[in-house]
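Heads up, the thing below is written out as structure tokens.
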There are 2 protein chains.
Amino acid sequence: MNQIRSMDKRLTKNQELVFGALTGTEGPQSAYTLLDRLRADGLRAPLQIYRALEKLIDLGLVHRLESLNAFVACSHPSCSDHSTVAFAICDDCGLVNEVADERLASNLKEVAVDYRFSLKQSIVELRGTCGDCAATSAKPQ
Amino acid sequence: MNQIRSMDKRLTKNQELVFGALTGTEGPQSAYTLLDRLRADGLRAPLQIYRALEKLIDLGLVHRLESLNAFVACSHPSCSDHSTVAFAICDDCGLVNEVADERLASNLKEVAVDYRFSLKQSIVELRGTCGDCAATSAKPQ
DNA sequence: ACCATATGTGTAATAACATTACGCACGCAA
DNA sequence: TTGCGTGCGTAATGTTATTACACATATGGT
């Protein structure tokens, strides 16, 4: 929260509102969900949300989850390489775990080299069930 | 084409039309692009496309590209594990290369284990520039 | 033959996600 | 002061995907 606040300095009002809405809730949120939550704060149009999200993503504060059409606040905004992050998305509870695995990142880079592909961004989204949900459904009571 | 034909046997008319439209063009296509191309064949509603795509994906004949909201025919329909495939998507020419890398697949499984995540599907989409496009833009003439 | 079930079809309407176009405002540097 | 980059607000539109309903066909069991 302290670190987060310190980054707010450079954010505009709309960007701060959107970022606040994302950090204030666990789990990913769609642009329109954000819009609904921020109507009370004066935001009225999708574009206001999308513009803020675009900037926040540029700044590395927010990630887009392609398979969900939704957005999450970055779990470790101070980290270096935001272009290679993976997400474990629980299809049960909807929560998302941001995974930073150095071997995975370098593995993807190698694959790109093998295929003579100039890699700009890696999208890695793991779908399945998180440990908590698996435990819960295993012991129904 | 011969191999493809042999698989058509189990496909319904709509599924065959959609699969044909995907294999008959290089590069990914959106559901609505497919619909437009298939209007002449009698398809009229998005749902007809989406239903066919769903089945084709189940059968492992087609992949969905999440970051593009588009679909491609699988490059190697006979291969075993369709849950872990990667795609190299060229942002220049739009072509997609299907990547089957065993190390990447096992790496993702390891990551899932590390995070106590029960993995059902891996979405891996590499964005960047393909070798051909890189070569072309390097020599502008 | 009868029924149940699973799968596929067709149409219409609507929901959900995202962008384009336009005009205005502010801060800053040439 | 002018020009430029960035952000803001509004409206309209474009694109992607789903829900709801009704009907059809094939299969397998009794």
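All figures in this text were calculated on a predicted structure; none of them were measured in a lab. Quick note on labels: first sequence line is chain A, next is B, and so on, each numbered from 1.
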Exercise. What residue pairs, at least two apart or across chains, pass salt bridge (Lys or Arg N to Asp or Glu O under 4.0 Å) with a residue in residues 21-36 of chain A?
Worked result: Asp36(A)-Arg39(A)
For this session: Would you kindly give the CD-to-C1' distance between Glu66(A) and dT16(D), to the nearest whole Å?
Result: 14 Å
Exercise. How long is the line joining CD1 of Ile49(A) and C1' of dT19(C), in whole Å?
Worked result: 15 Å
Determine all donor-acceptor pairs shorter than 3.5 Å in which one atom belongs to a side chain in residues 43-50 of chain B; sequence neighbours excluded.
| residue | atom | partner | partner atom | Å |
| --- | --- | --- | --- | --- |
| Gln48(B) | OE1 | Arg44(B) | N | 2.7 |
| Gln48(B) | OE1 | Ala45(B) | N | 2.9 |

Exercise. Of all of residues 32-47 of chain B, which get a heavy atom below 4.0 angstrom from DNA chain C, listed by number?
Worked result: Arg44(B), Ala45(B), Leu47(B)
Close N or O pairs between protein and nucleotides 7-9 of chain C (under 3.5 Å):
| residue | atom | partner | partner atom | Å |
| --- | --- | --- | --- | --- |
| dG8(C) | OP1 | Lys55(B) | NZ | 3.4 |
| dT9(C) | OP1 | Thr12(B) | OG1 | 2.7 |
| dT9(C) | O4 | Arg51(B) | NH1 | 3.4 |

Seminar exercise, completed: Whole-Å distance, Glu54(A) CD to dC17(C) P, equals 19 Å
Seminar exercise, completed: For Asp91(B), the side-chain hydrogen bond (donor to acceptor under 3.5 Å, both in side chains) test, sequence neighbours excluded, returns Arg127(B)
Exercise. Excluding sequence neighbours, so at least two apart, what forms ring pair (Phe, Tyr, Trp, His ring centres under 6.0 Å) with Tyr115(B)?
Worked result: none
Exercise. Hey, is the side chain of Arg64(B) poking within less than 4.0 Å of OP1 or OP2 on dA17(D), counting only N and O atoms?
Worked result: yes
Problem set entry | Non-neighbouring partners of Ser106(A) that pass side-chain hydrogen bond (donor to acceptor under 3.5 Å, both in side chains), sequence neighbours left out | none
Exercise. Below 4.0 angstrom from OP1 or OP2 of dT15(D), is there any side-chain N or O of Asn69(B)?
Worked result: no
Problem set entry | By salt bridge (Lys or Arg N to Asp or Glu O under 4.0 Å) - contacts of Asp41(B) (at least two apart) | none
Problem set entry | Distance in angstrom units between Leu59(A) CG and dG7(D) C1', rounded | 13 Å
Exercise. Who else is in the cluster with Val113(B) when I, L, V, M, F, W and Y are joined by side-chain contacts under 4.5 Å?
Worked result: none
Exercise. Between dG14(D) atom P and Tyr50(A) atom OH, what is the distance in whole Å?
Worked result: 17 Å
Problem set entry | Flag if over 12 foreign heavy atoms under 6.0 Å of CD, Glu54(B) | no
